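Can you keep this structure in mind? I'll have questions shortly.
Given the structure is predicted, the values throughout are model-derived calculations rather than measurements.
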Amino acid sequence: AALWMLTSMPPINNIGFVASTRRAMESTGEVSFKVARGTGRAAWWASTTLFLMVYPVLYIVDPGEDPDLSALGGASVPAPLAA
């Protein structure tokens, strides 16, 4: 009798909760792929913008020029320790 019950059952892929779980896993994979792709694109745009717009400005600044210490907002640099 048990063999008759096993042969009359539908395949495991057609059982409701298995099919819905599989669909949820597939959609989760698609969404995570799209999120990763979007994050990669955002990182590429940010790094390209930084390289093309900020790096030339830093390159042009004269390193021999005295820095503007008033921009630090009154922060003081600690004195070096005497040996």
I'd like to check the ring pair (Phe, Tyr, Trp, His ring centres under 6.0 Å) partners of Phe33; sequence neighbours left out, ordered by chain and number.
none

Could you identify which residues cluster with Trp45, counting Ile, Leu, Val, Met, Phe, Trp and Tyr as linked when any side-chain heavy atoms lie under 4.5 Å apart, either directly or through a chain of such contacts?
Trp44

With sequence neighbours excluded, tell me which residues meet side chain to side chain contact (heavy atoms under 4.5 Å, CB included) with Val35.
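Scan of Val35 (side chain to side chain contact (heavy atoms under 4.5 Å, CB included), adjacent residues dropped) gives Val31, Thr39.
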
Applying side chain to side chain contact (heavy atoms under 4.5 Å, CB included), can you list everything that pairs with Ser27, at least two apart in sequence or on another chain?
none

